[in-house]
Structures are given as C-alpha cells and as structure tokens.
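The shown structure was predicted, so the numbers you read here are calculated from the model rather than taken from an experiment.
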Amino acid sequence: MRIYNTLMKKEEEFKPLKGNKVGIYFCGMTVQDSPHIGHLRAFLSGDILRRYLEYRGFEVTYILNFTDIDDKIIKKSWEEGVDWREIAQRYEKEYFEVEKSMNIKPASFYPRATQHIEEILNLVLKLEEKKFAYNVEGNVWYDVSKFKHYGKLSGKSIDELVEGARIEPDPTKKDPLDFSLWKKAKKKEPYFYSPFGKGRPGWHIECSAMSMKYLGETVDIHGGGQDLIFPHHENEIAQSEAATGKPFVRYWFHNGPVNLRGEKMSKSTGLFFRVLDVLKEYSPNVLKYFLLKSHYRSPLEYSRELVENAKSAWERIDNFINKGEIREIEIKNPETKEYIKKFEEYMDDDLNTPRVFALIFDLVKRGNLYYEKGDEKFLEIKSIVLLMLRILGFTDFERKIESKIVGDLLDIIIEIRQKLREEKRFDLSDKIRNDLKNLGIIIEDKKDKTSYKFV
RNA sequence: GGCGGCGUGGCCGAGUGGCUCAGGCAGCGGUUUGCAAAACCGCUUACCUCGGUUCGAUUCCGGGCGCCGCCUCCA
C-alpha cells in the first residue's frame, strides 16, 4: 500500500523495516482537557491505518502515549486546587471512554511520560554528552544550531524561524529556537529528581524516549495531527537523531485539522465539541462515517448541519445492513470478489475512504435491488458491505433489541396491528405506529412483513 | 511577513488531459404502498479567474483573486 509521507512530501510504497512487523507510534493527548472532535479524527486516522495494515497481514505494534505532565496540567491543578495527577487521570479516563465508544482498537501499550523519567533522563544525558544540549542552572536546552537537518520535516529553515519568532525567549536560552529537554521546577511545581536538579521533562522529549523504548531507535510510522509537525515532531527528530545517529522515523503520518467556522468554538454558544457530548446525540457509527467520508489529510469542517447530513447518509447504509437475514455468508462469487479488490485498491491509495464509501453505496444500491427481487445475491452483497465496514472499525450493526422481552412484546404489538390493518382499522394501526415512533421505534410495513428498528 | 495546502454542481465530497464529468445529502417527478417509511427508476445544477502548453484542460505550467493550516501549547 502507499501512504503519504510528510517527510518526503509525497505518497510512498509502504515497506516495514523488519519483515511484516510494523511499529507505529501515535502521538496521543496531553491529558489536560476532554478529548474533542479534532483529537478523535487523529485517533481514528491512526486506527484506520492500523486496522488496514493488519488486514493486509502486517503484525502491528501500536503505541499511543499520554503526556501526563505539562504546564497546563499544573496550572489547571492549581486552579481547581487538586493534585496534578488527578487532572491527568481524569482526562485519561475520558480518552478511554471515547476509545471504547468509538470502537478504536486498543493500543499495544499506553506509555505515560511520568512513568519514563529514567529513559527520558538517559536520553538527555546522552544529548548533553554529545554536546547537543547545555545546562543552564538546572534548565537543559537542546542546541538547535548543532543539528544540521533541523527543519527537514516542516520545511522550515532556521533563518526563517528566527525572523518569525513571536514569543519572548527564555533568558537562559542561547538561542530563541532552542527548546527545553529538562525544565527546572519553580516553587510549588511538581518535580522529579535528576542529575540536573529537581524538575520535569521538556515538551517533546517524552515521545522520543518512549518511541525508542517500545519500538526501537528507528520506527516505521510515527503519526499525529498536522499541527504537531512543527515544532513537536521536528524537535523529536532533532533529539532522537542527534542521540542515535540513526533515522528516527521512516514514514511520518499526519491527519488534517477539524475546523469550526461560522460559529465560535465555545461551550456558551452550545456548539458541542467534546466527543462525549456529540455521542449523546449521534451514534458512534454516524460520527465515524462523518469523519471518514472525507480523506484523512483534508481539512474537515465541523458543524451540526454536516453531521446531520452524515446521519442521513449513514441511515441508508444502516437500513441496508439491517435488512433480511442477519446471517453472513462466505464470498465465493468471482464477480463479488472484484468489489473486494476495488476496496483494497482504494485503501491502498493512501486510505481513500471517500472512494470506499462510494463503493459501499453502489453495493447498497445493488443489494437493495437483489433484496427486492428476493435474489440470493443479496446476502453476499450484504456480507461484503459488513466486511468492509468492520475493517474500517464500524460496529454494533445488529438490531438493537434492548432485551428479549422488548422484542417479544413488539412481536405481539405488530401482530395485533397487522390484524387491525387487515380489518382496515387504519386509525388504530396508525396510532400504534405513531405512539411507537414517539418511543423511538420505527415501524415499517413491507410487502410481506412488518419490521421495526430503534432510533 | 515566511512555509505549506486548497478553490468541483444548493450543500458535502472523490477523481481524471478527451469516452454519460464517482458517491452521499437536499430538491423535483414517477413506481410501490391503505397511508407513512423504506426501496427502486428518472431529472435538475460543476470543475474561482486570466493567460500559456496541447488537436483538446476542470485535470499540466504561470499570474491574479479568495480561503485555510502552521510559524506559540495544540490531534
């Protein structure tokens, strides 16, 4: 398969370093606030990449980190008057709720920065030893001028960056571009002991240390949002390659941003932005479809209207997969197998999920026709659609019957209503349908039988 | 100001040097149906602008206009 490599600025054929084993390090959250749709898009992009590689037969080790100590976490803990660890754990927990609801495949490991202080310190010491770092009164800085390739990922040159510098440089830095490897603790700040004194890790070093620990000095794929390209990923390269002398990452994978225009992004305007809030109103499959109907690298506009649109579209797929028998069958027909080839062709092309959905909608149309005609091929088409949807991580397709007794009751109600319809007592049969609709149960009369679904 | 990207029909969104120019949503007209829903059939609206290359460009190249991201923590 081909994936777009930010480092090369083009699509490249993906080949792992070692056989069919693939290491992926994906930049997770700084656990300072609730996961929002932008985070979700990133995690979902990583999830699709991982699932598809696994489908293609690769053995994937997937690392998702948590940065669980940083300035904002500390600030928030002061504001709330609680321990900083409580903040980190709160949002980490929310991440896991999102992961579970959205059926994002759990990572192989979830390393936390604070659990890798030793690895981080070893890396900093190594950089200091190699003269890529300098210590000023307990603050250890990375000396950007020492790293020849600085800027190779983001396409920036050191000169430009100096001109464009917009923040007040820390007085202990030699150069405004230098970044922190180890940050000296100010009074009241949490700290860890180190050879440099009490302090905490800098802003980028944890990813370098943890990526190398779990996946080796050179990793196949390192991913995250495009907003991490600079400075986060650029600095990771500088640190890691200076320390090891080896390439840090072979393929850089970055997803596009989620934008909010028109309305201001704030809780007061009622614009839901937290994933857990959105999930109160829309199903995980609708949200997933919304995010995957655009290519992962394109910017994505988020609005209620657009999600509503996605909801209608998803219902078309959902209606189809809830038709007929629940049974799935093996795909034997060569004609049908061609569709799987198409699916692979599109996914191989840098995960072109929009084309995959075009294919799925074609199949839904064909499948519906077969269904109407009572053709056996219906089940085969449905099975392929389910196969593709599962590879993309959609889930929970089965009719949602809250319990057996609800199902049994509905069967009785529908039977009675059927009698009423036969007696042409439509006022009553329509009342039943309306009342059930108000409960969130949709009754649909088909030629031969009546079906129901929950909304 | 610098770097990068984008501009497709009412909306979203793929793609391609020419062959009906994906797909979804919305709209309209049918079929079906007691009605509704679902489904099927049909229809309507494209490729920002100006040049260039070409037999031919929405697709390649250049200018312009507009939009976005990054340049500061950020998925």
Assign the ring pair [X] / [Y] to parallel, tilted or perpendicular, where the plane angle (0 to 90°) is split at 30° and 60°.
X: A:Phe454; Y: A:Tyr452; result: perpendicular
X: A:Phe248; Y: A:His222; result: tilted
X: A:Phe179; Y: A:Tyr150; result: parallel
X: A:Trp252; Y: A:His233; result: tilted

Nearest-nucleotide 5' precedence on RNA chain B, A:Lys72 against A:Arg417: A:Arg417
RNA chain B: 5'-proximal contact among A:Glu315 and A:Arg421 (nearest heavy atom): A:Arg421
Name of the residue among A:Trp314, A:Tyr302, A:Phe357 meeting ring pair (Phe, Tyr, Trp, His ring centres under 6.0 Å) with A:Phe290: A:Tyr302
Only pairs with both distances under 3.5 Å count, Watson-Crick or wobble alike; so what is the partner of [N] in this structure?
N: B:rG1; result: B:rC71
N: B:rC40; result: B:rG30
N: B:rG66; result: B:rC6
N: B:rG56; result: none
N: B:rC47; result: none

Assign [X] to base, sugar-phosphate, or nothing according to its heavy-atom contacts below 4.0 angstrom with the strands shown.
X: A:Ser298; answer: sugar-phosphate
X: A:Ile360; answer: nothing
X: A:Gln226; answer: nothing
X: A:Asn434; answer: nothing
X: A:Gly256; answer: base
X: A:Gly155; answer: sugar-phosphate

Among [options], the one nearest [X] by side-chain distance:
X: A:His36; options: B:rA75, B:rC25, B:rG23; answer: B:rA75
X: A:Arg316; options: B:rA36, B:rC40, B:rA14; answer: B:rC40
X: A:Glu305; options: B:rC11, B:rC25, B:rA14; answer: B:rC11
X: A:Asn309; options: B:rA38, B:rC74, B:rG24; answer: B:rG24
X: A:Phe230; options: B:rC71, B:rA39, B:rA75; answer: B:rC71
X: A:Ala358; options: B:rA37, B:rA22, B:rC11; answer: B:rA22
X: A:Lys323; options: B:rA39, B:rG34, B:rA75; answer: B:rA39
X: A:Asn319; options: B:rA38, B:rG13, B:rG34; answer: B:rA38
X: A:Ser429; options: B:rG69, B:rC25, B:rG34; answer: B:rG34
X: A:Pro257; options: B:rG23, B:rG69, B:rG15; answer: B:rG69

Integer angstrom distance from the [atom1] of [N] to that of [M]:
N: B:rG51; M: B:rU59; atom1: P; value: 14 Å
N: B:rA26; M: B:rG62; atom1: P; value: 41 Å
N: B:rC48; M: B:rC11; atom1: P; value: 13 Å
N: B:rC61; M: B:rU53; atom1: C1'; value: 7 Å
N: B:rG10; M: B:rG4; atom1: C1'; value: 31 Å
N: B:rU49; M: B:rU8; atom1: P; value: 11 Å
N: B:rC73; M: B:rC12; atom1: P; value: 33 Å
N: B:rC50; M: B:rA57; atom1: P; value: 14 Å

How many Å lie between [atom1] on [X] and [atom2] on [N], as a whole number?
X: A:Glu99; N: B:rA75; atom1: CD; atom2: P; result: 16 Å
X: A:Leu153; N: B:rC3; atom1: CG; atom2: P; result: 17 Å
X: A:Lys9; N: B:rC70; atom1: NZ; atom2: C1'; result: 12 Å
X: A:Asp445; N: B:rU32; atom1: CG; atom2: C1'; result: 13 Å
X: A:Leu369; N: B:rU32; atom1: CG; atom2: P; result: 16 Å
X: A:Asn352; N: B:rU16; atom1: CG; atom2: C1'; result: 13 Å
X: A:Lys365; N: B:rG23; atom1: NZ; atom2: C1'; result: 10 Å
X: A:Lys424; N: B:rC35; atom1: NZ; atom2: P; result: 10 Å

Aromatic ring of A:Phe426 stacked on base six-ring of B:rG34, 5.5 Å, 30°: yes
Note, A:Glu206 side chain near A:Ile120 side chain (heavy atom, < 4.5 Å): yes
Heavy-atom donor-acceptor pair, [X] side-chain to [N] base, under 3.5 Å:
X: A:Asn259; N: B:rG69; result: no
X: A:Arg41; N: B:rA75; result: no
X: A:Lys156; N: B:rC71; result: no

A:Arg355 and A:Glu345 ion-paired at < 4.0 Å: no
A:Lys174 to A:Trp141 six-membered ring, cation-pi geometry met (6.0 Å, 45°): no
A:Lys311 to A:Tyr282, cation-pi by 6.0 Å centre distance and 45° axis angle: no
side-chain N/O A:Asn368 vs B:rC40 OP1/OP2, d < 4.0 Å: yes
